[in-house]
Amino acid sequence: MDNFKKFSNDLSAYGFFWILINSLLTVGAFLLFHEVLKLSEEISLVCSTTLAILLSIGVAKLVVMAVSEPFRAVWQAIWLMSNQDVPTPQPDKLTHGRELAKAMIQQIYKLGDAPATPQAPVSTSAQPVTAIASVSTSNTDLLELMPLPVLALDANDQVVLANQMLLQYLGRAREDVIGKSINDVLQLSFQSKDTLESWLANAKVSSVTSGSSWDRVRMQLPDDKGLKQFDLIAHYTKNNASNYETLLAIFDHTERYSSEDNSTSYVALAVHELRTPLTVLRGYIEVFEDELDSQLTPELRDFMHKMSASAQTLTAFVSNILNVARVDENQLTLSLHEANWNELLPEIAKDLELRAKVRGKTLELEIQPNLPTVAVDKVSIYEVVSNLVDNAIKYGGESTKIAIKAGVGKEGTIETTVQDFGVGIPASTMKFLYTKFYRNHRNKGSVSGSGLGLYLVKAIITAHGGSVWVNSKENEGSSFGFSLVPYANMAAELKDPNNANIERQAHGWIKNHSMYRR
Amino acid sequence: MNPSDSDQHSTTPVTANGLKVLCIEDEFFISELYDRALRKAGYNVTNALNGNDGLELAKTDQYDIILLDLMVPGMTGIEILKILRAPNQTKELHSKIIITTNLVQDDAAREAIESHADGYIIKADITPKELVAFLEKLK
């Protein structure tokens, strides 16, 4: 009722000011016309009244807008929650509706709290049956009536209530859900480190009551029943009398979010269409190199190598496009495993040799022996080295040498550098190097490129927990480096039985659950 | 159809390694290349250019390895995989199923597919020879 009182007070204040301002303006205008402009009394009266009427209409409109806005928001919230198709949903309104629903859930809490029977002790028991028994019925009914999938957890994060909507949403029976741990019921992936788990852990320590919401939460249903995407809101109250410590509500947006994903997946389509002919090209070229090599003249062999290298470069570029799209959508997931850098780096370099060779460059490796093993995602780290070497080939100028060095850095990390002896980079442009689509103007005309490579290198290395750097002198060449964390440093994290292999995402984003494999 | 009906691309005589491969792949060029490389390595190869033929052949369970493209006409690779790996629909296959694709998939979808297969290959990332090397490791 407090809100309503406030609302009517506001309304009277609006009305009061409206009349006051209008009267003052009318009198003022009358005085202006009569005294200053020396018009007759009648004309002044007519003019000032007309002005006042026009003003009233304008002000009235403003007041009505201000007054009706909350109603509009409520109406929108109801519409949203009724799960009907909202015509052209505007994101801000949706958020607004969600915020209102959050307030509503809070209200349900309070309702649940109010008639809390004094004989029902605050149960933190792990026994779901007794837990349910202590739940006040009005609360349960209300949650059951909510036109959204709703879930309540007790102090041990076990599900004590799941409404019919939720069971339908998950396609599971009530007994499969009640009494289970939240992690067994919902396998959620969040966009950032701000996960339900971390929020809840924090709320339990530091708050009596707390609320939060997340956008674009993903959940893979078991048995290939598909992927759900939704917004999630949560509310936490410590020692809540109804035994619902945490309430979760789901706003399903699977269709909307997946259609948005599809609009970006034209990248995926383009990549597929490019990859098929590339597969064929590389396949036939391999046949030539393998079987017809002896029949080729040196010139033809040279041409063959150039074709092969170009097909490889194009394949690498296609992967770059795809990975940049993934980084931008936070879909790039790394799976880190132990690897021997003394073996892996030469392996990668060997693969890149041909590309360098056809451009008249040789890769010279200098790797400190017995480096500590590193924690890497092999596919992604290959792309890092490949991008740096491709750059060194492109910007190497007249020099024929590209130096790849690896060793242990000052802080115990494994540092790898790829150095060319070409044109170098002007100091003024260094800070833009890792920006997407950035290309040094001086080179734009003479060297082809997309400006995606270093952006990707940085994203991948950051996700590995390492860092990137560059040293360059104009006309002497550039050296691009990156560091990798020794496996031993990550081993503790990796040996955690819940993290059979660590996965990381660009921007340092991490999934909520550890049941993941690549 | 039995393996001997399949088109013979390779002319090079090789020592057979006794392993039978079914290659379900609609892109004829890729099919030709894989067939050629696998035969050279001593595999006995059968090709299916669409999903329905592929499924019928796969169900006979005479293959040691099935290369399954996800985007084949008739029936998609995912559908085929589901049928072949369904616990009740067919007797359990002894064939190893390797997914070959150029499709970009989000991790969740890929994960779901991988859990039912024995390998997952992005075709553009490997040459036919590298495919053979991959299958050798599988043994």
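Residue numbers begin at 1 in each chain, while the letters A, B, ... track the order of the sequences.
Highest contact tally toward chain B, considering only T315(A), T276(A), L281(A), is held by T276(A) [criterion: heavy-atom pairs under 4.5 Å].
Scanning both residues, A311(A) and L278(A), for their nearest heavy atoms gives O-CD2, 3.6 Å. In this structure, L33(B) and V280(A) approach most closely via the heavy-atom pair CD1-O, 3.6 Å.
Neither the backbone nor the side chain of L131(B) comes within contact range of chain A; no heavy atoms are under 4.5 Å apart.
Using a 4.5 Å heavy-atom cut-off against chain B, no residue of residues 379-389 of chain A qualifies as contacting.
With Y43(B) as the aromatic partner, K20(B) does not meet the cation-pi criteria of under 6.0 angstrom to the ring centre and within 45 degrees of the ring axis.
Without hydrogens or angle criteria, D118(B) side chain to I97(B) main chain gives a donor-acceptor distance under 3.5 Å.
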Using atom types as modelled, flag every donor-acceptor pair under 3.5 Å from a side chain in residues 67-74 of chain B to any protein atom, sequence neighbours excluded.
| from | atom 1 | to | atom 2 | distance (Å) |
| --- | --- | --- | --- | --- |
| D69(B) | OD1 | M71(B) | N | 3.3 |

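Among R301(A), M304(A), M307(A), the one residue that satisfies the side chain to side chain contact (heavy atoms under 4.5 Å, CB included) test with E289(A) is M304(A).
Atom OH of Y284(A) has more than 12 neighbouring heavy atoms from other residues, nucleotides or ligands inside a 6.0 Å radius.
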